[in-house]
Every structure is written in C-alpha cells, then in structure tokens.
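So the structure is just underneath, and the comments pick up after that.
Just so you know, these numbers come straight off a predicted model, no measurement behind them. Here is how names work: the chains are called A, B, and so on, in the same order as the sequence lines, proteins then strands, and each is numbered from 1.
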Amino acid sequence: MQPNAVKAVLAHAVEVGETVRVNGWVKSRRSSKGGFSFIAVNDGSCFADLQVVADGALANYNAIAELGAGCAIEVVGTVAESPGRGQDREIQAAAVRIVGAVEEPESYPIAKKRHSFEYLRTVAHLRPRTNTFGAVARVRNAITQAVHRYFDEHGFLWVNTPIITASDCEGAGALFRVTTLPPGSDAPSAQDFFGQDTFLTVSGQLNVEPYCLSLDKVYTFGPTFRAENSNTSRHLAEFWMVEPEIAFADLSDLAALAEDFLKSVLSDVLERCPDDMAFFRDRIDKTVIERLRQVIDSTFVHMDYSQAVDILERCGKPFEFPVVWGADLQSEHERYLTEEHVGGPVVVVNYPKEIKAFYMRLNDDGRTVAAMDVLVPGVGEIIGGSQREERLKVLEQRMTEAVKEELWWYRDLRRYGSAPHAGFGLGLERLVMYVTGMENIRDAIPFPRVPNNAAF
RNA sequence: UCCGCCUUAGCUCAGUUUGGUAGAGCAGCUGACUGUUAAUCAGCGGGUCGCUGGUUCGAGCCCAGCAGGCGGAGCCA
C-alpha cells in the first residue's frame with residue numbers, strides 16, 4: 001500500500017472508512033492508561049498534525065504507550081470522523097509500527113516545549129521537526145516555486161550562471177577563494193586548477209547579461225557568496241539570489257517588473273500556504289498577512305534619491321548619521337522612509353554615480369545613475385537593481401584599466417548589437433523574512449553560513 | 001570589523017549588590033484519569049555554574065585573558 005500524506009487525509013482526499021498508511025514523526029502522545037493513546041503525527045506535508053488513536057488492544061500497545069516526541073512511526077488504520085475539537089478527521093489505528101525510537105527522551109533536543117530560535121540554530125539538523133521551521137521550509141519552497149512560475153508564465157528563461165568565477169571586480173563585496181593548491185602554498189595561481197585565481201560568485205548578473213542581450217527576458221536564481229565579515233540579522237555568507245534581466249527596457253520598466261513580480265509572488269504564497277501563514281500570524285508576527293495584503297493592493301511609492309534626501313532633511317528626526325546629498329542612505333534613513341514616511345514599499349531611484357557600481361547607466365544629468373532600491377518595512381533593502389550602461393564609451397569611462405581588460409567580453413556586448421537593458425537582484429532569504437515575519441535571516445535558510453560558523 | 005549585552009540542570013532563566021560548593025518553570029521519568037489535543041493531578045531523578053589563569057582560608061559571585069552566542073552599526077541582497 002502506498003503511503004498517504006497527512007495533508008491528503010486532513011483535506012478529505014480519502015473517504016471515511018478507507019484504510020490508509022501514514023508515515024511520520026510523533027509530535028506528542030497523550031495516553032489514557034485504561035484505554036488508548038492519542039498520537040499526533042506530522043509528516044511535513046502540511047502544518048497540521050494527524051491524530052492517530054491507538055487502542056489498548058493493539059499487540060504492541062505497551063511500546064506505543066511509551067512513544068514520545070521525535071519517534072518515527074508507520075500507522076495503518078482507517079480514516080474516521082473525529083469527535084474531538086481540534087480536527088474533523090483522525091485515524092483509528094489497526095497497527096502502529098515503531099520505525100525509529102528516540103534514545104534518551106530526556107535529552108532529545110526538540111523536547112515538547114517552547115525553544116528559543118537561538119538554541120534551535122545549534123540543532124539545525126533537528127529544527128525542521130518544529131512547527132516554526134517546518135512552516136518556514138514550506139513557505140520558502142512556495143516562494144521559490146512562485147518565482148519560477150512567475151518567470152515561466154512571463155516568458156523568462158532560467159539561465160544557470162556559474163558558481164565559480166574568475167571575475168573579482170564586481171565590487172559587490174569580498175570573495176571566497178576557490179583553489180586546489182595545498183594550504184599554505186605559495187605557488188603562483190598559474191599552477192592552480194584553473195590556471196588563474198578563481199572565486200565563488202557574488203552575483204550572476206555579469207554572466208546573465210550576455211543571455212539577456214541574446215534571448216531578451218532571462219533570470220538567474222542560485223546561491224551566491226560574500227566573504228564580508230558581516231554579523232547582523234540580515235546578512236549571510238551564502239545566500240540565494242533571484243536576478244532577472246530584461247532587454248529593450250529602462251529603469252521604469254524594471255521598477256514595474258519588480259513591483260508586479262513581488263505582488264505576484266506574495267499573493268501566490270498567501271494562496272498556497274494558508275495554514276503556515278496563519279501560524280506566522282498567530283505566533284510570530286500578528287501583522288504579516290495584513291501587511292502582505294496591503295503590499296499586494298498598493299501601488300509602490302517612487303521617489304528620486306534627491307527627493308528622499310529632501311524628505312529626510314526636513315522630517316526633523318534626529319539621525320545618527322547626517323543626511324547629505326552624495327552619501328549613501330543609512331539603514332536608519334531607509335527605515336524611516338519605508339516604515340514612517342510611506343508605511344509600505346518604496347522604490348528609490350537615481351542615486352549619485354559615485355556610490356554605485358560601474359555598470360549602472362549614467363543619467364543625462366551626468367551626476368546620477370539609473371539605479372533603484374526597493375525598501376520594505378521591517379527588512380529594509382530587499383531589491384537592488386539598475387539599468388545597465390549600454391554605451392561602450394560611457395561604460396569604459398567608469399572602468400579601471402584592470403576591469404576593462406578582465407571584462408573584455410562584457411565590453412564586447414556593447415560593440416555587437418548593444419541594447420538598453422536592466423536587471424535587479426532580490427535576496428531570497430530577505431523575502432522569506434518579509435513573508436514569514438521571522439526576524440533573523442539565519443532562520444530563513446536551512447543551514448546558515450555566517451562568519452565563524454559553517455556547522456552542519 | 002566596531003560598540004554593547006550574555007554564557008548556571010535537556011531547554012528558558014533566577015542566584016552576582018553583602019564571596020561560605022546551587023533554585024524555579026518547562027521537558028523527562030513513575031503513578032492516577034475511557035476522548036485527549038499547551039491535557040490535567042500527585043510524586044521522583046537531574047548541575048566539572050563557557051574555558052584558562054589570578055586574588056582569597058574559601059569563588060557561580062571579585063580580577064585578567066580567551067572562546068562562543070545575541071543585539072545594533074558598517075558593507076550589502
């Protein structure tokens with residue numbers, strides 16, 4: 001008999017009276033010594049547990065009555081209406097096979113009680129057994145599926161850009177070195193595996209642009225790596241990034257894409273994960289669902305960087321860092337704009353060229369570039385993007401000699417059929433935080449990599 | 001990397017002011033209860049007080065160093 005998912009049983013995909021087989025892990029067991037035990041079983045297929053009623057007449061009832069949190073079991077039984085309050089369906093067990101017991105129940109790391117997220121990070125191999133991390137895993141999956149679905153339905157090609165790169169000039173932060181030379185070796189990089197210095201990618205953007213300037217709408221979605229010594233609740237050394245790139249498009253086309261894309265993904269997740277989202281609303285952040293709905297129904301507020309500076313100067317709020325045209329907006333400034341001034345997502349565009357990367361398109365004013373950041377309450381910057389400089393001469397003026405030489409192929413794109421194009425990067429884990437209300441990015445990815453910690 | 005806080009039972013913490021080798025809740029275990037669902041009720045066991053060194057007759061408590069964690073900042077997604 002094929003196993004049935006808990007989700008299918010609870011969704012009435014199986015008729016009352018039918019026999020099913022369910023596999024899963026025990027969440028809790030409540031026994032009535034005289035008669036029978038209630039076993040809450042979770043198999044990850046949905047947020048809810050399935051209640052299994054095990055009668056005292058079962059041959060191995062003594063062992064069943066000792067089941068505790070974490071035990072793996074296989075249940076064969078019939079689906080029944082449940083007279084209890086917490087659920088409308090349950091399983092009357094005909095057999096409960098103990099597949100894997102828990103050694104030393106007292107020290108089982110996921111005891112039947114509340115645990116701090118900080119503690120659960122130290123048992124990252126077992127934290128998906130908890131309600132919270134099961135829900136995060138399902139929502140994260142729903143987000144990634146929604147991302148692919150959106151792009152597929154809108155004619156984008158998923159381009160798999162390389163993880164290993166020889167480019168060290170993107171300016172997106174420090175890089176992890178990739179080498180097969182023995183530790184401590186002072187051999188020249190010409191003797192290394194690739195015959196040159198190589199690194200883990202910080203962004204697929206430079207590699208996706210050639211595909212954009214051949215196939216138009218494309219995106220890359222994969223892991224990226226930053227060796228920055230960042231110790232915050234919003235940074236990881238390894239994180240996943242979604243990077244669409246569109247041709248024959250300018251910054252306003254890009255901002256429109258970002259807005260439509262974000263709204264689509266959010267409503268998709270609300271529709272597909274109602275139980276998980278209800279849990280986040282009840283236990284993590286009371287405003288999540290309402291907040292996401294507001295974003296879906298809103299029109300993103302746009303403002304120029306210069307306007308943003310004006311607003312910040314006039315708001316009369318004492319900031320730790322001064323607001324001056326030409327300096328990048330600080331976290332406190334971004335938070336004020338999105339959380340207090342607007343109370344929703346904000347798209348800030350046209351930043352001073354000095355604080356942005358060489359590939360961003362120079363505006364006609366000669367002092368700003370066509371860059372944008374999408375800021376959201378609670379998380380801050382969730383998307384960063386720009387129209388790319390498609391004019392060879394202007395691009396080269398903003399490159400150093402070394403960069404010009406290394407990115408000869410990137411410059412080639414501006415010589416052979418160049419076209420206006422634009423793209424953005426969205427940090428998946430930041431989106432997971434925003435959608436779930438989880439406050440630490442280390443809880444938005446299964447096994448977080450941060451400075452000084454690559455456990456698991 | 002900088003600033004601040006923290007590290008005591010399986011987990012969350014109290015105990016540090018006034019140095020005299022530790023306490024609660026939850027979890028676990030045992031028992032009671034014919035349908036529970038944060039089950040309830042009664043009882044029981046459980047601790048190299050982060051590590052190293054120092055002061056002292058005596059250190060969880062005072063001092064120094066180190067390690068790890070968390071929060072904020074910078075960098076960014």
Side-chain angles (χ1 to χ4, degrees), chain A residues 27-41 48-56 65-66 68-70 80 82-87 90 92 102 104-123 126 130-131 170-174 202-205 223-243 283 319-321 327-332 334-335 355-357 373-376 379-385 424-434 439-442 444-445 450-453 455:
Chain A
K27 268 276 171 58
S28 76
R29 189 210 78 247
R30 297 175 294 276
S31 288
S32 219
K33 243 329 186 248
F36 42 86
S37 293
F38 299 101
I39 309 165
V41 181
D49 303 327
L50 178 64
Q51 175 157 289
V52 172
V53 184
D55 194 85
E66 282 175 11
S82 177
R85 268 193 227 127
Q87 63 286 316
E90 64 187 22
Q92 287 288 341
V102 164
E104 302 176 53
E106 185 185 9
S107 58
Y108 175 55
I110 312 296
K112 196 176 66 177
K113 71 180 284 290
R114 288 196 91 112
H115 293 287
S116 65
F117 295 145
E118 189 182 328
Y119 164 70
L120 289 171
R121 279 173 218 141
T122 69
V123 286
L126 293 170
T130 64
N131 286 338
E170 292 171 43
V202 296
S203 159
Q205 182 204 321
T224 51
F225 308 85
R226 307 268 166 100
E228 296 290 346
N229 193 2
S230 296
N231 291 288
T232 83
S233 55
R234 301 182 310 285
H235 291 84
L236 291 167
E238 176 182 284
F239 65 99
W240 285 61
M241 190 152 60
V242 181
E243 295 174 279
R283 295 297 178 87
F319 291 115
E320 188 186 343
F321 292 88
D328 213 347
L329 299 179
Q330 304 292 318
S331 285
E332 55 177 347
E334 295 182 340
R335 291 183 79 100
I355 57 174
K356 290 293 181 183
D373 282 351
V374 179
L375 314 175
V376 295
V379 174
E381 185 181 343
I382 197 165
I383 285 177
F424 66 74
L426 173 143
L428 176 65
E429 288 75 16
R430 288 194 180 169
L431 183 57
V432 172
M433 290 171 76
Y434 188 57
E439 287 184 337
N440 194 311
I441 201 164
R442 285 164 261 209
I445 188 169
V450 295
N452 246 310
N453 191 346

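In terms of modelled atom types and a separation under 3.5 Å, the side chain of Glu228(A) and the main chain of Ala174(A) share a donor-acceptor contact.
Residue Ser233(A) has a polar side-chain atom (N or O) positioned under 4.0 Å from OP1 or OP2 of G72(B). Residue Arg442(A) has a polar side-chain atom (N or O) positioned under 4.0 Å from OP1 or OP2 of G71(B). Between Asn231(A) and G74(B) there is no side-chain polar atom (N or O) within less than 4.0 angstrom of OP1 or OP2. Between U36(B) and Gln51(A), no contact under 4.0 Å exists linking OP1 or OP2 to a side-chain N or O. Of the side-chain N and O atoms in Ser331(A), none sit less than 4.0 angstrom from OP1 or OP2 of G72(B).
Rounded to a whole Å, the CG atom of Leu431(A) is 21 Å from the P atom of C76(B).
Nucleotides G28(B) and U37(B) have their P atoms positioned 15 Å apart, rounded to a whole Å. Only the P atoms considered, G10(B) is 13 Å distant from G50(B), to the nearest whole Å. Nucleotides G72(B) and G31(B) are separated by 48 Å at their P atoms, to the nearest Å. Atom P of A9(B) sits at a distance of 14 Å from the matching atom of G23(B), rounded to the whole Å. Nucleotides C49(B) and U8(B), compared at atom C1', are 4 Å apart to the nearest Å. Taking atom C1' on both nucleotides, C26(B) is separated from C44(B) by 16 Å, rounded to a whole Å.
Under the stacking criterion of a centre-to-centre distance below 5.5 angstrom and an interplanar angle below 30°, Phe239(A) sits stacked against the six-membered ring of A77(B).
At a cut-off of 3.5 angstrom, the base of C33(B) holds no donor-acceptor pair with the side chain of Arg30(A). Side chain Ser230(A) to base C75(B): a donor-acceptor pair is found below 3.5 Å. Glu106(A) contributes no side-chain N or O that forms a donor-acceptor pair with the base of G46(B) under 3.5 Å. The base of C11(B) is not paired with the side chain of His115(A) by any donor and acceptor separated by under 3.5 Å. Interface remark: the Glu320(A) side chain does not form any donor-acceptor pair with the G74(B) base, using a distance-only criterion of under 3.5 Å. Residue Glu118(A) places no side-chain atom within donor-acceptor reach of the base of U12(B), judged by atom type and a 3.5 Å distance cut-off alone.
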Quiz item: Under a 3.5 Å cutoff on both atom distances, Watson-Crick or G-U, what's the dot-bracket for RNA chain B ([ ] crossing, | other strand)?
Solution: (((((((..((((......[..)))).(((((.......))))).....(((((..]....))))))))))))....
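Each of U12(B), A77(B), C70(B) was ranked by its minimum atom distance to the side chain of Lys113(A); first place goes to U12(B).
Side-chain contact between Glu429(A) and His235(A) is absent, with no heavy-atom pair separated by less than 4.5 Å.
If you check the side chains of Ser233(A) and Glu439(A), you find no donor sitting under 3.5 Å from an acceptor.
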